[in-house]
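Take a look at the structure below.
We count residues from 1, following the sequence as given.
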Amino acid sequence: MTFHWQTRPPIAPDGPRIATGKTAGAPRAPGEEHTPDNLPLEGLRVVEFSHMVMGPATGVILADLGADVLKVEPPGGDNTRRLTGSGGGYFAMYNRNKRSLCADLKAPRGRDLVYGILDAADIVLENFRPGAMDRLGFGYAELSARNPRLIYCSLKGFLRGPYAERVALDEVTQMMGGLAYMTGLPGRPMRAGSSIVDITGGMFGVIAILAALAERNASGRGQQVTSALFETTAFLVGQHMAQQAVLGEEPAPMSVRRAAWGVYDLFDCADGQLFVAVVSDTQWRLFCADFGLDALAADSLLADNAGRVAHRDRFLPVLRRLFAGLSRAEAGARLADAGMPFAEINKPSDLFDDPHLAHAGLAEVRLADGEHAGDTARLPKLPLEMAGRRFEVRRHLPRVGEHSRDEARGAGHDGDQIDALIADGIILET
């Protein structure tokens with residue numbers, strides 16, 4: 001199916017809208033080269049009302065893929081900009097390639113300005129409490145009446161059902177959805193070490209948006225789509241629900257799971273830890289040959305995986321002594337030569353210097369807030385390629401209200417009117 005987005009031209013990275021020499025979002029000719037000015041979602045106009053992680057993660061995926069994403073911030077800016085502790089990186093990671101309009105949506109003139117912008121939008125994103133957007137006058141019913149082609153993506157704690165009005169967070173649904181149970185130790189549930197449900201829920205939001213765009217391409221009409229944290233968590237642990245259905249027994253936490261493979265363990269090397277997996281009989285033979293483990297290779301009780309699972313006590317002490325005498329680099333080189341799955345045990349800070357990630361997977365993002373505003377950070381790009389191309393930063397993190405004047409001008413306001421909006425605190429420009 002070929003998409004032809006009907007929307008406004010894109011915005012220049014540092015100024016007003018620019019012409020690109022072709023219709024915004026026009027389909028490429030067969031074989032036409034992909035270029036930085038020719039992105040998959042180019043020409044799509046997205047207006048994002050969001051904070052924290054789930055909504056911004058949805059927006060940054062669309063933005064990295066070429067959509068023009070306008071982040072609407074409240075007076076003073078999104079509070080996510082000012083988070084510290086584990087929330088200190090939320091804004092920096094999930095708001096590149098976006099523009100910022102800072103507007104008072106409780107003021108009639110602020111609402112009118114944003115209504116004018118939304119009338120030309122393709123997609124709205126929002127991740128506020130149930131009913132919050134309706135109370136502001138920006139619910140789906142009102143906006144779709146003005147703009148029937150609008151795709152309205154709500155990112156919530158729960159889909160329809162008894163829990164629909166409950167407030168949720170990533171960690172809340174990890175606990176109630178069984179993910180924390182499967183991650184932790186018995187009696188000690190532990191959240192995953194990332195906002196994994198927020199981020200994955202945002203990904204499902206993008207999938208729903210793209211499906212709705214496909215339907216709109218056929219019908220000409222938009223729709224409301226919703227992604228939710230709890231249902232995302234249930235999908236993530238669905239493999240364990242299926243495990244119980246198939247095997248007839250309740251799964252134990254992954255930390256104490258019954259071994260499925262003979263070698264699937266952490267080993268202490270001379271200078272750190274490695275995770276090593278040997279998950280087939282062929283791999284076992286190669287592993288033994290590469291490390292000179294002739295006696296283990298000749299042991300008939302260890303010839304197949306079932307035997308290795310049953311007799312781990314016969315070989316694990318040998319392997320632990322082996323790895324204790326090697327550095328991680330030495331062990332890793334030999335495991336790589338043998339074609340074994342293995343991994344260094346790293347911290348997030350180690351990824352800044354990871355040679356594979358540094359090859360093409362990190363983007364330079366200029367920070368917008370706090371004492372490090374103006375500095376750059378090397379942060380992960382979208383984890384995908386299209387036609388061999390990774391997606392880059394076209395626009396650094398926006399300052400609060402950095403594009404308010406441009407948006408007001410694009411909505412038909414002249415210079416005096418914009419100055420009045422700024423003077424009266426209806427919009428903020430920085």
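- Nearest heavy-atom pair, Ser404 versus Cys102, reported as atom, atom and distance to 0.1 Å: OG-N, 3.1 Å.
- Every residue meeting the ring-ring contact (aromatic ring centres under 6.0 Å, His included) condition with Phe267, not counting sequence neighbours, appears here in chain and number order: Phe323.
- Asn305 places a side-chain N or O within 3.5 Å of a backbone atom of Gly262 that can act as its donor or acceptor partner.
- The two residues Gly137 and Tyr115 make their nearest non-hydrogen contact at O-OH, 2.8 Å.
- Of the possible polar contacts, one joining the Lys381 side chain to the Ala360 backbone as a donor-acceptor pair under 3.5 Å is found.
- The backbone N or O of Ile199 sits nowhere less than 3.5 Å from a side-chain atom of Tyr94 that would complete a donor-acceptor pair.
- Every pair tested for side chain to side chain donor-acceptor pair (under 3.5 Å) that includes a residue from residues 347-356 fails, sequence neighbours excluded, so the list is empty.
- Taking every heavy atom of both residues into account, Gln283 and Met340 meet most closely at O-CE, 3.4 Å.
- For Gln417 (side chain) and Asp414 (main-chain N/O), a donor-acceptor pair under 3.5 Å exists by modelled atom type.
- Every residue was checked against the salt bridge (charged side-chain N to carboxylate O under 4.0 Å, His left out) condition with Glu231, not counting sequence neighbours, and none meets it.
- Applying the salt bridge (charged side-chain N to carboxylate O under 4.0 Å, His left out) test to pairs two or more places apart or on separate chains, none has a residue in residues 173-184.
- The main-chain N or O of Ala363 is never found under 3.5 Å from a side-chain atom of Arg390 such that the two would form a donor-acceptor pair.
- No more than 12 heavy atoms of other residues, nucleotides or ligands sit less than 6.0 Å from atom CZ of Arg221.
- The list of side chain to side chain donor-acceptor pair (under 3.5 Å) pairs with a residue in residues 46-65, not counting sequence neighbours, reads Glu48-Ser50, Glu48-Lys71, Glu48-Lys98, Asp64-Arg96, Asp64-Asn97.
- Among residues at least two apart or in separate chains, salt bridge (charged side-chain N to carboxylate O under 4.0 Å, His left out) pairs with a member in residues 132-146 are Asp119-Arg146.
- In this structure, Asp122 pairs ionically with Arg216, as a charged nitrogen and a carboxylate oxygen lie closer than 4.0 Å.
- Taking 4.0 Å as the cut-off between side-chain N and carboxylate O, Arg399 and Glu429 do not count as a salt-bridged pair.
- Heavy atoms from other residues, nucleotides or ligands lying under 6.0 Å from CZ of Phe128 number more than 12.
- Listed by chain and residue number, Arg109 satisfy the salt bridge (charged side-chain N to carboxylate O under 4.0 Å, His left out) test with Asp424 (two or more places apart in sequence, or in another chain).
- Aromatic ring pairs are classed by plane angle as parallel below 30°, tilted from 30° to 60° and perpendicular above 60°; the pair Tyr163 and Phe158 is perpendicular.
- Rounding to the nearest 0.5 angstrom, the gap separating the OH atom in Tyr152 from the CD1 atom in Ile123 is 13.5 Å.
- Distance alone, capped at 3.5 Å, places no donor-acceptor pair between the Thr80 side chain and the Phe91 backbone.
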Inset, instruction - In sequence, state the C-alpha distance, the side-chain angles, and the governing distance for Ser144 and Gln224, and then conclude on side chain to side chain contact (heavy atoms under 4.5 Å, CB included). - result: CA-CA 9 Å; Ser144 64; Gln224 184 172 19; over 6 Å; no

Between side-chain atoms of residues 181-198 and protein atoms elsewhere (two or more places apart, or another chain), which donor-acceptor pairs fall under 3.5 Å?
{"unit_1": "Thr183", "atom_1": "OG1", "unit_2": "Leu179", "atom_2": "O", "d": "2.8"}
{"unit_1": "Arg191", "atom_1": "NH1", "unit_2": "Glu171", "atom_2": "OE1", "d": "3.3"}
{"unit_1": "Arg191", "atom_1": "NH2", "unit_2": "Ser194", "atom_2": "O", "d": "2.7"}

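- Of the possible polar contacts, none joining the Glu126 side chain to the Phe49 backbone as a donor-acceptor pair under 3.5 Å is found.
- Evaluation of the side-chain hydrogen bond (donor to acceptor under 3.5 Å, both in side chains) rule for Thr430 yields no partner, not counting sequence neighbours.
- Looking at residues two or more places apart in sequence or on another chain, you find no side-chain hydrogen bond (donor to acceptor under 3.5 Å, both in side chains) involving Asn147.
- Arg129 CZ: 12 or fewer foreign heavy atoms inside a 6.0 Å radius.
- Shortest non-hydrogen contact noted between Leu83 and Tyr90 is CD1-CD1, 3.7 Å.
- Asp271 places a side-chain N or O within 3.5 Å of a backbone atom of Arg328 that can act as its donor or acceptor partner.
- The existence of a salt bridge linking Glu407 and Arg45 is confirmed by a sub-4.0 Å separation between a basic side-chain nitrogen and an acidic carboxylate oxygen.
- Counting non-hydrogen atoms of neighbouring residues, nucleotides and ligands closer than 6.0 angstrom, the CE atom of Met203 reaches no more than 12 such neighbours.
- Nearest heavy-atom pair, Ser327 versus Cys269, reported as atom, atom and distance to 0.1 Å: C-CB, 4.1 Å.
- Sorted by first then second residue, the side chain to side chain donor-acceptor pair (under 3.5 Å) pairs that include residues 332-346, not counting sequence neighbours, number zero.
- Taking both residues in full, the closest heavy atoms of Gly202 and Leu155 are given as CA-CD2, 4.5 Å, listed atom of the first, atom of the second, then distance.
- Of the possible donor and acceptor atoms, one in the side chain of Ser100 sits under 3.5 Å from a partner among the backbone N and O of Gly401.
- Residues satisfying the side-chain hydrogen bond (donor to acceptor under 3.5 Å, both in side chains) test with Asp375, not counting sequence neighbours, are His372.
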